[in-house]
Amino acid sequence: MASAAAAGAPPGPAAPRGRKSVTGTRRTVAALFLLPALVLLGALVVYPIGYSLVRSFYNASGDGFAGFDNYTALFTDDGIRTALKNNVLWVVFAPTIATALGLVFAVLTERVRWGTAFKLVVFMPMAISMLAAGIIFRLVYDQDPDKGVANAVWVGVHDTFAQSSAFPKAHPGRDSPLRPDQGGFVTKAPVRAGHPVTLPLVGVAPDQLPDDAGKAAAAQARPGKVTGSTWQDFTRGKGVGRLGAPDPSEVGYAGMRIEAVKDGKVVASTKASGDGTFTLPAAADGALLRLPAGNFREPYNGVDWLGPALVTPSIIGSYVWMWAGFAMVLIAAGLAGVPRELLEAARVDGATEWQVFRKVTVPLLAPVLAVVAVTLMINVLKVFDLVFIIAPGSSQDDANVLALELYRKGFAEDQPGIASAISVFLLLLVIPVMLFNVRRLRREVRR
């Protein structure tokens, strides 16, 4: 019966036969697909690296073996040493500040209704090329407050608390009763109460006079008081006007500070009114009148952002402006995967928002923060565009970095051997950081 049943049962499916690829083995197919990429990789990456490595051992002309002389120059040449020092500053500060700002933006924008719009605005600089960003910040850091936004803001804040002088170029004319004194001017003879004093000056451009300056007037004598006037003793036109006396077209030095000095001590002081006239009390009788140096202080012109002292921090600031959005987007993506139950549990246990952020949020985001920071480190080791464009010629040596020095040695100074050595050195600096990043990514995949 069993054999009959077996005989009547339908035959089972045939065992599958191994199918052979039309082009041969699967490895051959994979190799054919990879071949174009491998050719490009060899032509654009492997060959230049190999050529740079070999070229770094030859002299400038390329016909003589130089050994390790080019690598020795990395630590003896002043320009390269400055570039190394600046690269250390870049690697330490730029990724740290950009990552910290990205973390703050990512956390705070989760709590506001317009967080998406804010993220868009912060990320927008990433759409700008390094060249365009360099041109923008070259203008932002311009020394002239009328052109540079940074100095316009800085000067505005400074002048709010310390008003600049309106008379930086003022000085006595010929036959003046004034003589120079410690940056200011003082009368040649003591003054007397009841006898008006004239303190004429010249040298202030009409458009730089104070807004409240009015037509100059001669001071009137007052018993027991020292009176006088100070004004712009200049009238347009040859032979027009009187020297040493206010004319109808001349303007008073409104706000000019006048001090009465006796035995080296200031016994009285006042400021000139809109028409340039002033009045001092009886204590000024017999004193010398001094126009202190503060009246002639040059206007505050802001900070020299692109000078030797601040050029590197200024360029790092422009880099952070561009890349903080990149850090924010990656950290926000990592923050979206943080279990909210852990945050709520910490709050229920009585933790403050700062404690939740410091002891829960940041540790959970540590892998993401590490990836962002390491990626930015690799990026700043190759920074070139911003430094080349923003730093003016007078301070480019002080802002120098390895990528810029490589360009200068290879093209401006015609030293391809040293340039090749710098490129190999940069590669050696980048490789450990890349390996760290790859290992961390692999550990994350295994989890």
Side-chain angles (χ1 to χ4, degrees), residues 37-95 129-131 134 306-309 311-316 319 374-439:
L38 292 174
V39 170
L40 286 175
L41 184 67
L44 300 179
V45 178
V46 178
Y47 173 74
I49 292 175
Y51 179 81
S52 297
L53 180 61
V54 173
R55 187 66 181 80
S56 66
F57 291 102
Y58 283 82
N59 58 17
S61 61
D63 55 5
F65 186 74
F68 288 93
D69 291 347
N70 293 326
Y71 290 95
T72 303
L74 298 181
F75 305 98
T76 56
D77 184 274
D78 290 337
I80 300 177
R81 285 192 297 180
T82 300
L84 281 170
K85 181 192 71 174
N86 288 335
N87 265 101
V88 171
L89 294 176
W90 272 91
V91 169
V92 172
F93 290 103
S129 68
M130 285 282 196
L131 172 64
L306 299 181
V311 63
T312 295
S314 298
I315 300 174
I316 289 176
Y319 178 89
V374 171
T375 302
L376 293 179
M377 284 181 186
I378 296 173
N379 188 267
V380 299
L381 281 172
K382 303 178 294 179
V383 69
F384 166 81
D385 318 58
L386 289 177
V387 180
F388 183 71
I389 297 167
I390 296 177
S394 59
S395 58
Q396 196 171 85
D397 289 342
D398 300 282
N400 201 9
V401 290
L402 286 175
L404 176 58
E405 185 65 14
L406 186 156
Y407 169 82
R408 293 169 68 176
K409 292 293 185 187
F411 297 97
E413 301 179 20
D414 194 23
Q415 298 186 42
I418 295 179
S420 299
I422 295 174
S423 66
V424 173
F425 183 67
L426 267 176
L427 177 65
L428 294 176
L429 291 178
V430 170
I431 286 176
V433 184
M434 291 178 61
L435 291 176
F436 174 81
N437 214 15
V438 170
R439 287 180 180 177

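Keep in mind that this is a model prediction, so the values were computed, not measured.
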Practice item. Report the residues that fulfil side chain to side chain contact (heavy atoms under 4.5 Å, CB included) with Tyr47, sequence neighbours left out, ordered by chain and then residue number. Key: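 For Tyr47, the residues satisfying side chain to side chain contact (heavy atoms under 4.5 Å, CB included) (neighbours in sequence not counted) are Tyr51.
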### All side chain to side chain contact (heavy atoms under 4.5 Å, CB included) counterparts of Phe57, not counting sequence neighbours
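Partners of Phe57 under the side chain to side chain contact (heavy atoms under 4.5 Å, CB included) test: Leu53, Phe65, Phe68, Tyr71.
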If we only count heavy atoms from C-beta on, is the [X] to [Y] side-chain gap below 4.5 Å?
X: Asn70; Y: Gln415; answer: no
X: Thr76; Y: Arg81; answer: no
X: Leu84; Y: Glu405; answer: no
X: Val433; Y: Val430; answer: no

From Asn86, Val91, Val92, residue fulfilling side-chain contact (heavy atoms from CB on, under 4.5 Å) relative to Val88: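 Only match with Val88 under side-chain contact (heavy atoms from CB on, under 4.5 Å): Val92.
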Nearest 0.5 Å please: distance from the [atom1] atom of [X] over to the [atom2] atom of [Y].
X: Asn87; Y: Leu429; atom1: CG; atom2: CG; result: 7.5 Å
X: Ile80; Y: Leu402; atom1: CD1; atom2: CG; result: 8.0 Å
X: Thr375; Y: Met434; atom1: OG1; atom2: CE; result: 10.5 Å

Next on the checklist: Using only atom types and a distance under 3.5 Å, with no angle test, would you say the side chain of Ser395 pairs donor to acceptor with the backbone of Gly307?
Outcome noted: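 No; judged by distance alone, with no hydrogens or angles, the pair does not exist.
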- request: Give the minimum heavy-atom separation between Thr312 and Ala399, together with the two atoms involved.
  value: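 Looks like OG1-CA, 3.7 Å.
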Which pair of non-hydrogen atoms, one from Asn400 and one from Gly79, has the smallest distance, and what is that distance?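 It is ND2-O, 3.4 Å.
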Would you list the pairs meeting salt bridge (charged side-chain N to carboxylate O under 4.0 Å, His left out) in which at least one residue belongs to residues 388-404, sequence neighbours left out?
->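 The answer is Asp397-Arg408.
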Which side-chain N or O atoms in residues 376-394 pair as donor and acceptor under 3.5 Å with protein atoms at least two apart or in another chain?
residue : atom : partner : partner atom : Å
Asn379  : OD1  : Tyr319  : OH           : 2.8

> Taking only residues two or more places apart in sequence or in another chain, which ones pass salt bridge (Lys or Arg N to Asp or Glu O under 4.0 Å) with Asp414?
Replying inline: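 Checked Asp414 against salt bridge (Lys or Arg N to Asp or Glu O under 4.0 Å); zero matches.
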Extract all donor-acceptor atom pairs below 3.5 Å that involve side chains of residues 416-428 and protein atoms in other chains or at least two apart in sequence.
residue : atom : partner : partner atom : Å
Ser420  : OG   : Pro416  : O            : 2.8
Ser423  : OG   : Ser420  : O            : 2.6

